[in-house]
Amino acid sequence: MVKTAVKVFLRTRPTATSGSGIKIGQDGQSVSVNVPKDQSAGLINNQQEMFSFKFDGVLENVSQEEAYTTVAHEVVDSLMSGYNGTIFCYGQTGAGKTFTMSGGNAGYAHRGIIPRALHHIFREIDLRVDKMFRVHVSYLEIYNEQLYDLLSESPGTSDSMAVLEDSNNNAYVSAQLRFAVAVAVTVAGSLILVYGFLTDAGLVEPCRSHTVFTVHVEMRTSEAASERAILSKLNLVDLAGSERTKKTGVTGQTLKEAQFINRSLSFLEQTVNALSRKDTYVPFRQTKLTAVLRDALGGNCKTVMVANVWGEPSHTEETLSTLRFASRVRTLTTDLAVNESNDPGLLLRRYERQIRELKQELAMRDTLSGRARVSYDDLTDDELRDLHATARRFLAGEADAEELPADSIKRVREAYKALRAAHAAMKSEMATQLANLQRATEDGAAVVRDGAARSRVAPGVGDLDLRTTGGFTVGQAPLDSRPPPPRSELGDHSHAHSHAPLPSGAPSPSGPGPALKAQSSHHFPADGASAYGDVPTLDSPSIARGSGAAAATRLAGIFTVPGDRNAVFRRYKSDFPEGRELTAALKAASAALRETRGSIKSLGDAVNGAKRRIDELTAAVAQRRSGGVSAPPPGGDAEVLDGETYALVQELKALKAQYRADFDALKAAREQLEPYIQAVAVARAALLEAFDRWAATQSDATLRRLAAAGRNGSGGGAPGEEEDELDAGEAFERMQLARITERDPDSLAYHSALRRTAAGPPGSHGMGRPPPAGASGGNAKAAAAATRRMEATQAVNRGLAR
Ligand SMILES: Nc1ncnc2c1ncn2[C@@H]1O[C@H](COP(=O)(O)OP(=O)(O)OP(=O)(O)O)[C@@H](O)[C@H]1O
């Protein structure tokens with residue numbers, strides 16, 4: 001914004017009589033008016049005789065051309081640079097306002113500011129070949145405080161016409177027509193066209209209304225940058241002349257017109273006074289005239305006033321009034337600024353062009369760097385659908401990271417979004433499962449508590465404390481508090497399976513029997529997964545806990561074959577509501593754990609994959625550097641990388657960042673796994689404890705009957721559940737078989753026969769009849785001894801062979 005003073009020029013109408021009383025100073029700016037004393041006032045008369053004023057210039061006896069050059073040329077030049085302008089003529093009626101603004105009919109040389117300004121504008125347009133212009137004109141009349149569009153074919157005022165303000169606080173008249181002036185028409189042609197129009201409109205005839213002729217100019221810097229437009233307008237205002245009605249003695253319609261004119265000019269004066277005093281309130285809205293001239297008087301506009309005076313002695317009073325008003329107008333300032341169009345359509349065109357150019361730039365860079373053609377457009381619906389499916393498969397561990405797009409930022413961003421969506425969906429599913437699991441676990445715990453209440457020997461002993469994450473109350477030792485079995489009994493992990501399970505017998509005073517001790521070497525993973533599946537067998541160490549140990553010992557006494565105990569356990573889980581409920585809870589917990597583990601596994605795979613790739617890239621970069629491909633320049637500080645090494649280093653950098661992020665995610669995911677592990681442990685403990693208590697209440701005969709039914713497969717368990725519930729003995733046998741097949745396939749038949757012999761004749765354990773005490777144990781011992789012998793022989797042979 002540039003502060004600019006309003007310029008005021010005085011123009012005098014040639015007078016017929018001499019001695020007008022108006023004196024022009026040598027500087028061409030000072031004006032003095034001599035008012036002869038009124039002799040009728042008597043001898044003592046203090047009436048002021050001389051009045052002095054100063055303006056920006058005085059036009060006395062000057063041609064129309066000189067008047068234009070002095071008053072309007074600079075304003076029109078500013079218009080062509082994007083600044084608004086207003087030139088208005090003010091003065092008493094007949095002082096020459098219309099002559100100045102429009103011109104006289106006497107000849108071409110008499111044309112006024114309007115036709116000369118149009119001539120000027122089109123001449124400039126012709127000269128500025130690097131720019132594009134559009135010119136419109138509008139023509140407004142304010143008559144008796146009503147707005148009239150003089151370009152409208154339908155005469156009369158329109159209700160929809162009103163003086164409004166645009167977003168830049170510039171005044172404009174709504175619903176006013178604009179007449180487009182073709183730029184292609186020659187300057188002279190345009191002039192004739194517009195001048196003819198002005199004549200038709202009666203502009204060159206004296207009128208008793210205010211008229212505003214506006215030229216709107218739209219300028220664009222060039223064809224290529226057509227999205228940037230500068231808008232400016234020039235208001236050429238011919239005000240109606242003030243009139244002393246008493247003096248002129250007008251009546252009727254003319255009097256009414258004069259009253260309207262004087263009233264609006266009076267408000268114009270008040271407005272100028274308020275602006276001049278810098279009042280906070282300026283009555284712009286009091287009349288249509290001040291509303292239209294708002295910009296010219298204090299807004300974004302370069303303003304020039306022509307004060308027209310008729311220097312006849314009979315008009316001295318009117319002349320003084322005009323000069324006083326002109327002096328106050330000269331104190332006003334306006335704020336000038338170029339008006340750039342903020343038309344959204346233009347902005348859109350500008351952004352479209354920028355995007356087009358950027359895409360071309362990218363395509364060029366891709367070509368230079370040898371990349372395959374990369375699309376920078378938005379993904380289609382089909383592509384987005386595929387991407388979301390790939391993201392889901394990636395999180396589930398079924399797709400590699402390479403399947404996700406990485407060729408453009410846009411596609412990488414979309415991939416991230418798809419991953420986030422897939423992750424959110426997965427999280428929500430897991431939350432639902434967890435809620436179900438918690439419900440099931442709480443139900444199971446309630447069953448356990450009920451059972452405990454019924455069969456409790458000592459209150460509180462052996463109860464699960466579900467307020468903690470699977471801990472135990474007094475009397476029930478947590479898993480990790482149990483001392484490890486002596487190495488001499490169990491051997492280390494690698495040898496644990498070289499011993500046959502010893503299902504015999506008598507309980508030892510130090511705890512579970514040898515069979516249970518041997519079986520306790522089975523790994524009970526810290527994350528709660530059973531070695532043989534989700535549902536525990538009775539060979540799990542938990543059977544020996546707390547009060548459950550008594551039941552386990554009793555069961556071990558009744559059933560010398562581990563499979564029989566599991567058979568009872570299976571019956572318990574399938575035929576008894578309590579067992580069924582607890583088994584269901586455990587399975588739900590295990591399923592949730594398995595699923596969560598699956599997603600972690602895919603993360604782990606991603607981390608490992610990234611690590612492998614980082615190692616490869618690091619080696620490749622190191623090799624290129626050591627090979628001198630990217631060696632530092634002699635004496636230089638910075639290493640100069642060739643294109644390929646630079647690309648490798650960039651990839652390595654990105655990969656490391658990805659690796660760190662994935663690693664953190666993996667760590668966080670592992671921490672999230674803990675509640676699932678605890679939930680499985682709690683559910684498992686609840687099931688085993690409940691079984692112990694239940695078994696303690698059953699008679700030996702009932703237990704044996706259930707074992708026989710379980711052995712015959714006449715109940716319990718869903719298909720395929722046997723695999724999960726494989727007991728320790730059978731599992732051990734299978735493992736042995738696998739080892740023998742691997743080490744000495746030829747001896748397979750021998751071992752198979754030995755095992756069958758040890759197990760006794762087919763059906764000897766069936767039909768509800770328990771095997772003779774010790775028989776099975778003896779056979780198992782024999783089998784174990786035979787295996788040990790074979791392994792010892794093989795070990796000796798291997799040693800000899802070395
Ligand atoms: N500088 C001048 N040189 C020659 N003739 C002039 C000049 N100024 C005014 N006249 C003549 O004076 C007459 C009245 O001028 P004009 O109509 O322009 O006055 P006006 O101020 O517009 O009056 P109104 O307010 O009534 O419209 C016209 O005939 C015009 O040609």
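Order of appearance sets the numbers: ligands from 1, and atoms from 1 within every ligand. What you see below is based on every heavy atom in this structure, not just the backbone, and it leaves out hydrogens, waters and symmetry mates.
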Minimum heavy-atom distance [X]-[Y], with the two atoms named:
{"X": "L236", "Y": "I113", "answer": "CD2-CG2, 4.0 Å"}
{"X": "R111", "Y": "R116", "answer": "O-NE, 2.8 Å"}
{"X": "L231", "Y": "N84", "answer": "O-OD1, 4.3 Å"}

Contact between ligand 1 and [X] is defined here as a heavy atom of the residue under 4.0 Å from a ligand atom; is it met?
{"X": "G91", "result": "no"}
{"X": "P14", "result": "yes"}
{"X": "M101", "result": "no"}

Practice task
Test the R285-F267 pair against the cation-pi criterion, namely NZ or CZ under 6.0 angstrom from the six-membered ring centroid and within 45° of the ring axis.
Solution key: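 Pair R285/F267 does not count as cation-pi.
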
Handout entry: Check: L239 N/O within less than 3.5 Å of ligand 1 N/O
Key =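 For ligand 1, there is no N or O atom that lies under 3.5 Å from one belonging to L239.
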
Problem - F99, any N or O under 3.5 Å of ligand 1 N or O - result: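 Yes - when backbone and side-chain N and O of F99 are compared with those of ligand 1, one distance drops under 3.5 Å.
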
Exercise for the section: Assign the ring pair H73 / H120 to parallel, tilted or perpendicular, where the plane angle (0 to 90°) is split at 30° and 60°. Expected result: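 Aromatic pair H73/H120 classed tilted.
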
Problem - Residue part near ligand 1, for C89, under 4.0 Å between non-hydrogen atoms - result: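 Answer for C89: neither.
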
Problem - Which residues share a ring pair (Phe, Tyr, Trp, His ring centres under 6.0 Å) with Y90, sequence neighbours left out - result: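 Residues passing ring pair (Phe, Tyr, Trp, His ring centres under 6.0 Å) with Y90: F325.
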
Handout entry: Close-contact set for ligand 1 against Q92 heavy atoms, below 4.0 Å
Key =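 It comes down to these atoms of ligand 1: 21 (O).
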
Problem - Atoms in ligand 1 with a heavy atom of G241 nearer than 4.0 Å - result: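 Close to G241: 25 (O).
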
Exercise for the section: Can you figure out which of T100, T98, T93 has its heavy atom closest to atom 24 (P) of ligand 1? Expected result: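 It is T93 that holds the nearest heavy atom.
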
Handout entry: Qualifying residues under side chain to side chain donor-acceptor pair (under 3.5 Å), relative to T100, sequence neighbours excluded
Key =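 Checked T100 against side chain to side chain donor-acceptor pair (under 3.5 Å); matches are R11, N308.
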
